[in-house]
Amino acid sequence: MYSIVLDTNVIVSGSIMQKGNSAFILDSWRKEKIQIITSLDILDEFRNVMLEKFDAPKDDVETLIAFLIWKGNVVKPVQKLDVVKEDPDDNKFLEAALEGKADYIVSGDKDLLRLKIFDGVEIISPAEMVSIIKKGES
């Protein structure tokens, strides 16, 4: 089973849209085909984006966060990184991936995708992750 860190944009997209690559990834996690590694910083950012940008119902947002905490692997990174200079806020995904020993970081963020790999963790798009999950099913 692959362990992955999802960028906030993937969690948001998968939560809002019922179809598409991000939704497929979240559904695969619910079906226990993959493991999601996250951190409280990532979950806080998700909460803020959903409530402030999308005016999502607070109960729905908190329910998903509780489920991610319960069924995901929530790590508390001890190492602070300064790798993504263009958007230092993106370093939290690298930190969570290293702490949780992730196989992949899944992101639509150009600053992260530009890295391609960081300390053995591949940084890929949602479409690439879907392809990997589907290959594993066949």
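Being a predicted model, the structure only gives us computed values, none of them experimental.
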Any chance you could measure [X], atom [atom1], to [Y], atom [atom2], to the nearest 0.5 Å?
X    : Y    : atom1 : atom2 : answer
F118 : N91  : CZ    : CG    : 8.0 Å
D90  : R114 : CG    : CZ    : 10.0 Å
L6   : I36  : CG    : CD1   : 4.5 Å
E45  : R47  : CD    : CZ    : 12.0 Å
T63  : K58  : OG1   : NZ    : 11.5 Å
K110 : S125 : NZ    : OG    : 13.0 Å

Would you say [X] and [Y] make side-chain contact, with heavy atoms under 4.5 Å?
X    : Y    : answer
S3   : N73  : no
N21  : V10  : no
D103 : E122 : no
K76  : L40  : no
E62  : D59  : no
V74  : L68  : no
F46  : T38  : no
L51  : V61  : yes

Exercise. S131 and E128: side-chain donor and acceptor closer than 3.5 Å?
Worked result: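 Looking only at side-chain atoms, E128 and S131 do not form any donor-acceptor pair under 3.5 Å.
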For this session: Could you give me the CA-CA distance, side-chain angles and deciding distance for I4 and Q35, then say whether side-chain contact (heavy atoms from CB on, under 4.5 Å) is met?
Result: CA-CA 6 Å; I4 65 173; Q35 175 66 38; over 6 Å; no
For this session: Evaluate the side-chain contact (heavy atoms from CB on, under 4.5 Å) criterion for residues M50 and I16: first the C-alpha distance (whole Å), next the side-chain angles of each, then the deciding distance (0.1 Å), finally the verdict.
Result: CA-CA 9 Å; M50 291 297 287; I16 292 173; 4.0 Å; yes
Shortest non-hydrogen contact from [X] toward [Y]:
X    : Y    : answer
L112 : I123 : O-CG2, 3.4 Å
I37  : G100 : CD1-O, 3.2 Å
I42  : A96  : CD1-CB, 3.9 Å
F93  : V5   : O-CG1, 3.9 Å
S107 : D7   : OG-OD2, 2.6 Å
L113 : G108 : CD1-C, 3.9 Å

Problem set entry | L94/L98 under side-chain contact (heavy atoms from CB on, under 4.5 Å): CA gap, chis, key distance, verdict | CA-CA 6 Å; L94 301 175; L98 291 182; 5.5 Å; no
Problem set entry | Whether D41 side chain and K92 backbone form a donor-acceptor pair below 3.5 Å |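 A pair under 3.5 Å: no.
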Problem set entry | Ring centre gap for F67 and W29 strictly below 6.0 Å |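 Between F67 and W29, the centre distance is under 6.0 Å.
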Exercise. Testing T8, N9, D89 for side-chain contact (heavy atoms from CB on, under 4.5 Å) with D109, which one passes?
Worked result: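 Exactly one candidate clears the test, N9.
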Problem set entry | Aromatic F24 / basic K134 pairing, under 6.0 angstrom, 45° off normal |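 Yes, a cation-pi geometry.
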Exercise. Do I25 and M1 belong together in a cluster built from hydrophobic side chains that touch within less than 4.5 Å?
Worked result: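 No, I25 does not connect to M1 through the hydrophobic network.
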Exercise. Is there a path of hydrophobic side-chain contacts, each under 4.5 Å between heavy atoms of I, L, V, M, F, W or Y residues, that connects M129 with I117?
Worked result: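 Cluster IDs for M129 and I117 differ.
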Exercise. Does the pair E95/K80 count as a salt bridge with the N-to-O cut at 4.0 Å?
Worked result: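 Salt bridge: yes.
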